[in-house]
Amino acid sequence: MSMQPRGLLASFEYLDSTLDAIKTLRQERIRKFTVYSPLPEHHLEAAMGYGQSPVRVFALVGGLTGAAAGFAFTSFTSMEWPLVTGGKPILSIPAYVVIAFELTILFGALATVIGLFLLSRLPHLGPLLIYDPEFTAGRFGIHVFASPEELEKARRILEEHHPAEVREDREGVGRA
Amino acid sequence: MATATRAKRGALTHPDIGSYSEVNRDVLGILSRPGKGWWFLFVLAAVGVGVFFASWGWQIYQGIGVTGLNTPVGWGVYITTFVFWVGIAHSGTLISAILFLFRAPWRQSVYRLAEAMTVFAVMTAGLFPLIHVGRVWHAYWLIPYPNSRFLWPNFRSPLVWDVFAVTTYFTVSSVFFYLGTIPDLAAARDQAVGLRRRLYKVISLGWRGTDREWHHFSKAYIFLAALATPLVLSVHSVVSWDFAMSIVPGWHATVFAPYFVAGAIFSGVAMVITLAVPMRKIFGLESYLTIKHFDALAKLCLLTSLIVLYAYLTEFFMAWYSGEAIERASFWNRLFGHYWWASWTMLICNGIVPVLLWFKRVRHSIAALFVISIFINIGMWFERYVIIVTSLSHEYEPFAWGVYRPSLTEMGILLGSFAWFGFWFLLFTRLLPPVAIAELKEVLPLPYRRAAGEGEAR
Amino acid sequence: MNAQVYNRCVGTRYCANNCPYKVRVFNWLRYSDVPEPMNWQYNPDVTVRSNGVMEKCTFCVQRVREAQNRAVLEGREVEDGEIQPACQQSCPAQAITFGNVRDPSSRVARAARNERAYRVLDAVINTQPAVSYLKKVTFHEVEAGEH
């Protein structure tokens, strides 16, 4: 149980204050912070310097796997027990396109979800210690983790940008 | 009373909503008010579900003979209802996925209940292949699995395509629905207490709305929407190919895929209206489901009704133009044969009644839209009945013409399916936020301090 | 010969929808569920179909197979007229002929080549059925304009 705060949680009512705070923090080389938001906002993402999400790779790989699996499975099983139905060839590709298409979508969607969970580290199982329930309602938040000297700088920066509230985060503090 | 002037893209929609927190308050407030009305409907639905399973159990015990089916009409109310429910499911995905990609500004309030409708409609539809099959205890043979006889299902059969299409659709739309709800479940968790809070804590997966979470979530959502989009077009096409790939006169037509997809969206949007109107009234969502939203839904209804009407006319025209005696006879029988009342119900409900939607006064009248949507639902059920039953009752051989009359068991299962759907939908209105909170905030004006000025009360 | 594999049938009735002749019949109820000793009337060579299974005429395939097997054992071909389906056997008017229609010398092939022979729906949807019917020949006065 340390006496020094490990981090600072600031909540903001306004988006522009949050954006300015983020920019200033990054300018001052303080980069270890989490931003909370009640909605997905591309300005926030841009301010945090995010590039492309790798989720698209999961979607692509999943989709291709599905397509391949669809064709492979149907073709393999037809060759294993060749039965002519409706006068169609044993490897009736147009019919198998339907199956392959559905599996493309299915595997692509499931892979995307797996990718999302892996990349955003969901499910987040621990208790919500450093958190403000207003973050899913109307407030934005910045939670800075830094060394004590940097935290002082961070506190100054945060307070410059009209936060609704600034809280210290000691271990175990915060609403669960 | 917007707090700032920087409005988001095309936001026409919610002049009466003040702030983000107001959205949370309004929408989450619905969840803890189950009044007597809800309980009454829920008990009714539960009784209906009991009737549903009792009828089905009786049918499994006795055999399909308890229905009115007989040679030549081997498919009747069950397949009609199957196609009906699958069709309804499609428009939910259209509103939530396709309109997302098109950035339609009015979808945000509607899409959550539309998606819920989709998931529950697919759940209902998925029961019917099991119900209509002669030996349901062997129905798993339609799923490919390795076995000692090296037997596989016939992948060239449209029925097996159905298995894949409906399974994929159910899985993807459930996943899409659940994923999109996660941020709202977190919002619910943050306002809830007690047992509810624990439930939401678990199902919201600990979502906090961090930058990392939102970043990947937004992209994943776009990809899921992009993947769900072709399902809207393909799943009902696959279902329509159950008919189009046969040789039955009246079924064997190339127009079936676009015809059914348009019909699906048509009936689904009508069902969304049927569900949204009472929800709006009961839950006080007038600021969220505004006249503009219903206007947009009505226009979608009108468009798809025109496509469906065109498909009807095409079918009749081509039957005549082909000069083929059997095809002509089949369509003549539709209009003037034993089931003439079903065909005319279909034509009037789907072709004539939606003409009213051309008029702005009608589109802006919630009561009128509700009534019209009921007509459309009835008309679309009868469309499938007409296609299936009249075509089968009047095929090639006059010796093999026959009449079908649904039995009590079938009506029990038909009405029970509505009860089953209603059961799940009522649970949804009680447990999950019926309006998408996080996405709705995207079309509200952004909270900018500079524009708002000092001392802005929230 | 178009047959039904009873033990694989799930009972979707799609095959019956697609049959233009509607010769496929479905077991809607447990017809075979009869009390003793009625079950002893069932032919031991024919599968008893259960509830929910589709069936159709198999041209008495059990008799066909028996004759074919006996011919193989005896090292000969199956003779024309050796196989009689039950319907042909029991018909008092001898209205039914069965045999190998690909053997030009068989009775059934000669009957199928007859100018009175027609095949139902063959001209409409090219089903090439194995069953041919012989038109009834009648006499009537030809009036002006009739043929």
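Atoms considered below: every heavy atom in the structure, side chains included; atoms not considered: hydrogens, waters and symmetry mates. Each chain gets a letter, A, B and so on, in the order its sequence line appears, and its residues count up from 1.
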Please find the pair of heavy atoms, one from [X] and one from [Y], that lie closest to each other, and give the distance.
X	Y	answer
A:Tyr14	B:Tyr448	CD2-C, 3.7 Å
B:Ser234	A:Phe101	OG-CE2, 3.1 Å
B:Leu205	A:Leu122	O-CD2, 3.6 Å
A:Ala137	B:Tyr20	O-CB, 3.4 Å
A:Gly108	B:Leu227	C-CD1, 3.4 Å
A:Glu102	B:Val238	OE2-CG2, 3.9 Å

Atom group of [X] that falls short of 4.5 Å from chain A, counting heavy atoms:
X	value
B:Phe223	side chain
B:Arg25	neither
B:Trp241	side chain
B:Ser218	side chain
B:Pro158	neither
B:Asp190	both

Strictly by modelled atom types, are [X] and [Y] linked by a side-chain donor-acceptor pair under 3.5 Å?
X	Y	answer
A:Thr85	B:Arg156	yes
B:Trp214	A:Glu45	no
A:Ser53	B:His216	yes

At a heavy-atom distance under 4.5 Å, which candidate from [options] has the highest pair count against chain A?
options	value
B:Phe150, B:Tyr221, B:Phe217	B:Phe150
B:Ala220, B:Ser237, B:Ala438	B:Ala220
B:Asp184, B:Asn154, B:Ile437, B:Val163	B:Asn154

Note, A:Gln52 side chain near B:Lys219 side chain (heavy atom, < 4.5 Å):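 They are in side-chain contact.
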Gap separating the CD atom of B:Glu213 from the CZ atom of A:Arg121, nearest 0.5 angstrom: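 Separation between the atoms: 10.5 Å.
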Audit row: A:Leu106, B:Thr167, side-chain contact (heavy atoms from CB on, under 4.5 Å) steps and yes/no: CA-CA 9 Å; A:Leu106 181 63; B:Thr167 307; 5.6 Å; no
Mutual orientation of the aromatic rings belonging to B:Phe155 and A:Tyr96 [parallel < 30°, tilted 30-60°, perpendicular > 60°]: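 Perpendicular: the ring planes of B:Phe155 and A:Tyr96 meet at over 60°.
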Checking heavy atoms, do the side chain of [X], its backbone, both or neither come under 4.5 Å from chain B?
X	answer
A:Leu119	both
A:Ser37	both
A:Glu134	side chain
A:Phe140	side chain
A:Leu110	side chain
A:Phe12	neither

Chi angles and distances behind the side-chain contact (heavy atoms from CB on, under 4.5 Å) call for A:Tyr131, B:Arg208: CA-CA 8 Å; A:Tyr131 187 66; B:Arg208 294 164 297 158; 3.8 Å; yes
Residues A:Val113, B:Phe176; criterion side-chain contact (heavy atoms from CB on, under 4.5 Å); working and verdict: CA-CA 9 Å; A:Val113 172; B:Phe176 191 44; over 6 Å; no
Contacts with chain B made by residues 56-66 of chain A (heavy-atom distance under 4.5 Å), listed by residue number: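 So far as heavy atoms go, A:Arg56, A:Ala59 are the residues that approach chain B to under 4.5 Å.
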Flag, side chain of B:Asp211 to backbone of A:Val35, donor-acceptor distance under 3.5 Å: yes
B:Arg212 vs A:Met48, side-chain contact (heavy atoms from CB on, under 4.5 Å): CA-CA, chis, key distance, verdict: CA-CA 10 Å; B:Arg212 167 192 243 115; A:Met48 295 290 287; over 6 Å; no
Pair listing, side chain to side chain donor-acceptor pair (under 3.5 Å) test, anchored in residues 67-76 of chain A, at least two apart: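 Output for this query is empty, none listed.
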